[in-house]
Amino acid sequence: MIPSINSSDRPAPSSCLKYSFAGVMLVTTLAMAPVTGWAGGDPAHGRALYDAHCADCHMASRLGGTGPALIPQTLHRMYGPKLDTVIRDGRVATQMPGFGELLSEIDISDIAAYLSQPLAQSPDWGMVEILETRDFRDDYTPAKTPVFDVDPMNVTLAVEIADSHVSVLDGDSFARLARFETPFAVHGGPKFSPDGRLVYVVSRDGWVQKYDLWGLTEVGRIRAGLNARNIAISADGKWLAVANYLPMTLTILDAATLRPEKVIEVTGSDGTPSRVSAVYQAPPRDSFVLALKDIPEVWEISTSDTRLEDPPGTAHGFPIRKITVEHVLDDFFFDQGYEHLIGASRETEKARVLDLVSGQEVAEIDLPGMPHLGSGITWEWNGTRVMATPHLKEGMISVIDMETWQTVKRIETEGPGFFMRSHANSRYAWADVFFGPNRDVMHVIDKETLEIVKTLRPAPGKTVAHTEFTRDGRHALVSIWEDDGAVIVYDADTLEEVTRLPMKKPSGKYNVWNKITFAEGTSH
Ligand code: DHE
């Protein structure tokens, strides 16, 4: 029995780590540094309590079991209530019970203090450990035809993060075809096989899940990393790449079997190890492109089948091209042909344009206020192609000419935004205001005049974010980003609400056709 310490024996912790969105967004460096904020807690006592009450589900290693990993890297990114509140009250709609009746406030802050400490050493997570987690249906054969009678190319997924599910929607009637459980804390866009039949999602804990959209059934899952960022799929659909912060690797999985094919340790030309901020698929180049958090390099990894050139018995080659750049570049955007990469340099508050063919940096774009390039979109404007990107630190959207790389317009918004979307068939671009007092509005921008033509406020006081279009661009789906939230379907032309689908904190929505065709109004 672990002794419980009376709350009056010790001062309450002075402050707690905030899990607010703003905190999540704007604090972007972490590595193995301790999380601060539980100064009053006693980690040693917290550890004993953890072993007694938490380790069964989260494991003594804190790397996660039936419950998620509890390490600073993942806790820091966790959305929702503060950690001590979760320990006290539990998490609604999950298996996490509340410990408020069993443990004192001080006990809880001691556990939080223990969890805020970095792991003593970076755990091994190579081919062997990854393979051991593989859970795959060996009787699985891909569905030959959809088990439903709607357009499979207009199927749209809605990720619901409050209770870790994905809703599979018919993009015509908006009926729910299925709702499947995902690993905890899915982040980033799911990736579809090139034919749109399969989808892969990744969680912040590094679990990759494969789901058959035609059969409406889960195929398997595997833990490709301990703290992952996102996932990409090769142009031929054969390989998945998982970007990891912990360990500092890129894991390549065989998409058919989910078996690990190769774990690439990410080390710069001078020997410095680096976290992988994100991995992007570059279909016309048959490659994966990596944004690296700790070194001024951009990596391109070929996915064209070089197996025949490899010595027999050795793993697939995946040759790496390391491009040295002047500053660390984070958060990428690509032109439609994947010839240019635009990366944000946090050091200089500028974005750099890298010619992926020559490997040379060819331009610098003036983009103060932390642009969120990953959610940029492009369209034709005045005879040229422009890209638009929201800024995370100010109420601003920059519109940039992609030939001259000059800013053609800064559109003032009601606060910093996070996501933008449009569709080739729509005259509007949609931009949310994720932060600040006006997070309940969604701006609709005319792509020709570059003016905001309407500001929607569908649920006053509630966060409204992230838009996705149906395949034909006639409808726009918007999230009410709340535990008991909804996806609102708008007529994308009249901007009138068509229907409201109740959902559990819906985050991103993803239309099969728009994603597999790399449509111009969607993030890649
Ligand atoms: Fe994301 C996409 C990075 C915080 C929800 N986010 C991405 C991608 C990257 C990224 C690199 C593109 C990956 C892809 O789709 O393959 N996100 C980051 C961060 O660096 C940041 C700011 C801090 C972090 O902790 O990682 C961050 N992101 C968040 C959140 O807090 C959000 C709002 C809630 C959450 O789920 O964690 C969030 N990110 C999303 C979503 C996408 C995304 C919904 C997919 C957007 C899309 O339309 O494709």
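Indexing begins at 1, ligand by ligand and atom by atom, following the structure's order.
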A.B. asks: Do Phe418 and His372 come close enough that some side-chain heavy atom pair is under 4.5 Å?
C.D. replies: yes
A.B. asks: Distance under 4.0 Å to a non-hydrogen atom of Ala278: what atoms of ligand 1 satisfy this?
C.D. replies: 11 (C)
A.B. asks: Evaluate the side-chain proximity of Leu354 to Val298: yes if any heavy-atom separation is below 4.5 Å, no if none is.
C.D. replies: yes
A.B. asks: Would you check the N or O atoms of Asn230, main chain and side chain alike, for any that come under 3.5 Å of an N or O of ligand 1?
C.D. replies: yes
A.B. asks: Could you tell me, atom by atom, which parts of ligand 1 come under 4.0 Å of a heavy atom of Lys191?
C.D. replies: 14 (C), 15 (O), 16 (O)
A.B. asks: Are Met396 and Thr413 close enough that some pair of their side-chain heavy atoms sits under 4.5 Å apart?
C.D. replies: no
A.B. asks: Give the numbers and elements of all ligand 1 atoms closer than 4.0 Å to a heavy atom of Gly189.
C.D. replies: 14 (C), 15 (O), 45 (C)
A.B. asks: Relative to Tyr338, does Arg285 satisfy both conditions: NZ or CZ under 6.0 angstrom from the six-membered ring centre, and within 45 degrees of the ring's axis?
C.D. replies: no
A.B. asks: Mind checking whether Arg421 has an N or O less than 3.5 Å away from an N or O of ligand 1?
C.D. replies: yes
A.B. asks: Check ligand 1 against His466 and write out every atom of the ligand that is under 4.0 Å from a heavy-atom position of the residue.
C.D. replies: 46 (C), 47 (C), 48 (O)
A.B. asks: Report yes or no: does Arg204 have a heavy atom closer than 4.0 Å to ligand 1?
C.D. replies: yes
A.B. asks: Closer than 4.0 angstrom: is that true for some heavy atom of Trp481 and an atom of ligand 1?
C.D. replies: yes
A.B. asks: So for Lys509, does at least one of its heavy atoms come nearer than 4.0 angstrom to any atom of ligand 1?
C.D. replies: no
A.B. asks: Between the side chains of Thr522 and Arg421, is a donor N or O closer than 3.5 angstrom to an acceptor N or O?
C.D. replies: yes
A.B. asks: So, do Thr303 and Phe288 sit near enough that their side-chain heavy atoms are less than 4.5 Å apart?
C.D. replies: yes
A.B. asks: Mark up the atoms of ligand 1 that fall under 4.0 Å of a heavy atom belonging to Arg229, in ascending order.
C.D. replies: 3 (C), 18 (C), 19 (C), 20 (O), 24 (C), 26 (O)
A.B. asks: Is the terminal nitrogen or CZ of Arg223 (NZ for Lys, CZ for Arg) located under 6.0 angstrom from the six-membered ring centre of Trp125 and within 45° of that ring's axis?
C.D. replies: yes
